[in-house]
Amino acid sequence: MTEPFETYSLDELRTRTSIKWRRFEPDVLPLWVAEMDAPPVTSVVEALTRTLRAGDLGYASGDTSYAESFAAAAERRWGWTLDVARTVLAADVLTGVREVLLAATRPDDAVLLPTPVYHPLLDMPAGIGRRLVPCPLTAEGRLDLDAIEAGMADPRVRVLLLCSPHNPTGVVHTADELRAVAALADAHDVLVVVDEIHALLVRDGVAFTPWLAVSPRGVVVTSASKAYNMAAIKAAVVVVGDGSADLLERFPVVMPWGASHIGIQAHRAAWDGGDPWIDAVNANIASNVAELRSLLAEHLPAVRYSGQDSTYLAWLDCRALGLGDDPSETFRETGRVAVNPGTEFGPGGEGFVRLNLACSRITLAEAVARMASCVG
Ligand SMILES: Cc1ncc(COP(=O)(O)O)c(C=O)c1O
């Protein structure tokens with residue numbers, strides 16, 4: 001079977017019209033936004049085709065079928081049993097997180113957020129009239145319990161927002177780390193809200209721990225859109241822990257209506273039938289991580305990168321290259337490779353870039369060669 005990222009030629013991919021392929025000029029290799037150069041999940045194509053052919057394009061029924069499909073996948077993959085009665089649908093993960101923050105905090109309350117982190121999460125508190133309190137990850141990109149505890153000492157901090165696994169570092173928080181965070185959150189009466197959208201993209205041999213498997217308090221927001229590479233087809237689910245169930249009453253009535261009927265059909269087909277696809281993608285990510293490490297060792301040895309435990313986003317420490325806080329500018333302008341600037345992810349991202357390695361090996365090699373040409 002062809003590896004997922006080896007399926008399409010660059011010319012074929014350039015016919016795609018999503019933001020990855022349209023943001024920059026055609027001579028720029030786009031290794032930035034989190035879209036994979038992979039074929040769609042077969043079960044999703046079949047479900048969407050059936051839905052479209054039947055003209056089954058009305059409103060979503062409002063049942064718990066999405067949550068049931070997710071719950072079955074969560075049980076299979078992580079042995080986590082969740083209660084579908086404590087779930088609510090949302091248009092997408094970011095909308096779900098936003099609604100949880102609105103329900104759990106008051107104006108001028110503060111949200112604690114370990115950085116560097118996926119930038120829309122960073123921008124979210126200010127956008128809804130809440131204060132952002134950034135706290136650093138450790139130098140290894142792990143949760144810094146002392147920094148989290150210091151942040152929680154601010155009495156206006158009502159929420160700790162976690163990204164698990166963490167984007168952009170690809171760190172998978174351990175069960176022990178999450179338990180320690182839960183103890184701090186309990187001590188300071190802080191609600192932990194966890195974005196688990198990357199949870200299926202975890203390296204073989206590394207265990208992902210769902211937040212609600214270690215603590216009954218808190219909220220998880222997730223979706224099939226990232227792991228199954230269908231950002232275009234929106235739907236997400238918010239799972240509220242037993243100890244935080246009062247939140248369910250505070251969500252707006254319209255919140256679940258954001259997940260469209262067709263989005264729900266597609267995501268259910270992914271949760272139900274997408275395991276072989278995920279396994280193939282994870283294997284391809286692992287081989288590209290190894291490939292990127294050896295390409296960098298050969299052509300850009302000053303870049304620090306030791307691989308990652310999760311997802312297809314490589315967090316490259318370019319500080320030794322002398323390209324300043326934002327090396328991505330030189331890589332794009334001179335090398336014609338688009339990667340995300342580390343600064344986009346907040347404090348701690350200076351001198352880093354995030355590179356999307358969910359592409360063919362030829363594209364990866366070409367990208368590293370172009371980046372190397374920028375530093376002479
Ligand atoms: C950590 C994280 N959360 C949320 C999203 C966006 O999810 P959605 O499109 O469901 O809002 C992304 C997209 O890359 C992400 O990396």
Side-chain angles (χ1 to χ4, degrees), residues 86 90 93-138 140-169 171-199 208-222 238-247 250-251 310 345-349:
R86 288 198 309 274
V93 164
L94 290 174
T95 309
V97 171
R98 183 176 181 277
E99 293 297 355
V100 175
L101 295 186
L102 281 169
T105 60
R106 285 200 287 258
D108 298 326
D109 277 348
V111 176
L112 186 62
L113 179 61
T115 71
V117 73
Y118 177 58
H119 49 101
L121 297 179
L122 197 67
D123 299 338
M124 192 173 289
I128 56 170
R130 273 56 170 169
R131 181 162 54 91
L132 170 74
V133 177
C135 73
L137 295 164
T138 67
E140 294 72 41
R142 307 224 65 99
L143 294 173
D144 184 333
L145 295 172
D146 292 335
I148 289 175
E149 186 164 26
M152 285 181 179
D154 177 339
R156 295 313 295 265
V157 166
R158 306 306 308 141
V159 167
L160 167 66
L161 185 52
L162 289 184
C163 189
S164 175
H166 194 87
N167 174 6
T169 58
V171 165
V172 178
H173 311 310
T174 65
D176 282 347
E177 286 169 329
L178 295 176
R179 271 192 284 269
V181 171
L184 292 175
D186 286 350
H188 293 271
D189 193 23
V190 166
L191 180 78
V192 183
V193 179
V194 191
D195 172 344
E196 296 187 352
I197 197 170
H198 289 274
F208 167 75
T209 308
W211 172 263
L212 291 173
V214 304
S215 171
R217 280 168 299 278
V219 181
V220 163
V221 188
T222 195
V238 175
V239 188
V240 177
D242 197 16
S244 307
D246 57 318
L247 271 177
R250 285 188 250 153
F251 294 136
S310 171
F345 303 92

J.: What verdict does the side-chain contact (heavy atoms from CB on, under 4.5 Å) test give for V194 and V219, after you've listed the backbone C-alpha separation in whole Å, the side-chain angles of each residue and the deciding distance to 0.1 Å?
T.: CA-CA 6 Å; V194 191; V219 181; over 6 Å; no

J.: Using atom types as modelled and distance alone, determine if a side-chain donor or acceptor of R142 lies under 3.5 Å from a backbone N or O of V172.
T.: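 It does hold such a pair.
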
J.: If we only count heavy atoms from C-beta on, is the V181 to L160 side-chain gap below 4.5 Å?
T.: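 A side-chain contact under 4.5 Å exists here.
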
J.: Taking H166 for the side chain and P116 for the main chain, is one N or O donor matched with an acceptor at less than 3.5 Å?
T.: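 Checked: pair present.
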
J.: Can you tell whether the side chains of R217 and D186 come within less than 4.0 Å, N to carboxylate O?
T.: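 Yes, this pair counts.
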
J.: Show the nearest heavy-atom pair for residues R86 and A245, with the distance to one decimal.
T.: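 Looks like CD-CB, 4.0 Å.
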
J.: Say you draw a straight line from CG of L122 to CG of L113; how long is it, rounded to the nearest 0.5 Å?
T.: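 CG of L113 is found 6.0 Å from CG of L122.
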
J.: For the pair E196 and V221, evaluate side-chain contact (heavy atoms from CB on, under 4.5 Å) and give the outcome as yes or no after the intermediate values.
T.: CA-CA 6 Å; E196 296 187 352; V221 188; over 6 Å; no

J.: Between E177 (side chain only) and T174 (backbone N and O only), is there a donor and an acceptor less than 3.5 Å apart?
T.: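 Between the backbone of T174 and the side chain of E177 there is a qualifying donor-acceptor contact (under 3.5 Å).
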
J.: P136 and D144: which non-hydrogen atoms are nearest, and at how many Å?
T.: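 Here P136 and D144 meet closest at O-CB, 3.4 Å.
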
J.: Quick one: ring pair (Phe, Tyr, Trp, His ring centres under 6.0 Å) pairs with a partner in residues 105-136, sequence neighbours left out?
T.: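 For residues 105-136: H119-F345.
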
J.: So I128 and R98, side-chain contact (heavy atoms from CB on, under 4.5 Å) or not? Walk me through it.
T.: CA-CA 8 Å; I128 56 170; R98 183 176 181 277; 3.6 Å; yes

J.: Would I148 and D146 satisfy side-chain contact (heavy atoms from CB on, under 4.5 Å), going step by step from the backbone distance to the final call?
T.: CA-CA 5 Å; I148 289 175; D146 292 335; over 6 Å; no

J.: Can you sort out the partners of L212 under side chain to side chain contact (heavy atoms under 4.5 Å, CB included), two or more places apart, ordered by chain and number?
T.: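 For L212 the side chain to side chain contact (heavy atoms under 4.5 Å, CB included) partners, ignoring immediate neighbours, are W80, V220, V239.
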
J.: Are the side chain of S215 and the backbone N or O of A182 linked by a donor-acceptor pair below 3.5 Å?
T.: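 Side chain of S215 to backbone of A182: no pair is present.
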
J.: Of the non-hydrogen atoms in V100 and V193, which two are nearest, and what is the gap between them?
T.: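 Closest approach of V100 to V193, heavy atoms only: CG1-CG2, 3.7 Å.
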
J.: Identify, with sequence neighbours excluded, every residue that meets side chain to side chain contact (heavy atoms under 4.5 Å, CB included) alongside D109.
T.: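 Per chain and number, D109 pairs via side chain to side chain contact (heavy atoms under 4.5 Å, CB included) with T105, R106, R156, R158.
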
J.: Using modelled atom types and a 3.5 Å cut-off, is there a donor and acceptor pairing between side-chain atoms of T115 and backbone atoms of P347?
T.: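 Here the side-chain-to-backbone pair exists.
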
J.: Taking all atoms of both residues into account, what is the closest heavy-atom pair of I197 and T222, and its distance?
T.: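 Shortest heavy-atom separation between I197 and T222 comes out as CA-OG1, 3.6 Å.
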
J.: If you round to the nearest 0.5 Å, how far is CG of L101 from CG of L161?
T.: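 Output value for this atom pair is 6.0 Å.
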
J.: So, taking the atom named CG in L247 and the one named CG in L191, what distance separates them when rounded to the nearest 0.5 Å?
T.: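 Reported to 0.5 Å precision, the distance equals 5.5 Å.
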
J.: Could you check whether any side-chain heavy atom of R250 comes within less than 4.5 Å of a side-chain heavy atom of D246, counting everything from C-beta outward?
T.: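 The answer is yes, as the side chains (C-beta and beyond) meet within the 4.5 Å cut-off.
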
J.: If you take all heavy atoms of W211 and G218, which pair is closest and at what distance?
T.: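 Residues W211 and G218, closest heavy atoms: NE1-CA, 3.9 Å.
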
J.: Of V133, V190, L112, which meets side chain to side chain contact (heavy atoms under 4.5 Å, CB included) against D154?
T.: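 Between D154 and the candidates, side chain to side chain contact (heavy atoms under 4.5 Å, CB included) is satisfied uniquely by V133.
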
J.: Measure the spacing between OG of S164 and NE2 of H173 and express it to the nearest 0.5 Å.
T.: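 If we round to the nearest 0.5 Å, S164:OG and H173:NE2 are 4.5 Å apart.
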
J.: Considering non-hydrogen atoms only, spot the tightest contact between D195 and L121 and give its length.
T.: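 Nearest heavy atoms, D195 then L121: OD2-CD1, 3.9 Å.
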
J.: Side-chain contact test, heavy atoms from C-beta onward, threshold under 4.5 Å: evaluate it for R131 versus V111 and give yes or no.
T.: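 A side-chain contact under 4.5 Å is absent here.
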
J.: As an exercise, state the distance from CZ of R130 to CG of L102, rounded to the nearest 0.5 Å.
T.: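 It is 5.0 Å, given to the nearest 0.5 Å.
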
J.: Taking atom CD of E149 and atom CG of L184, what is their separation to the nearest 0.5 Å?
T.: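 Between atom CD of E149 and atom CG of L184 there are 5.0 Å.
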
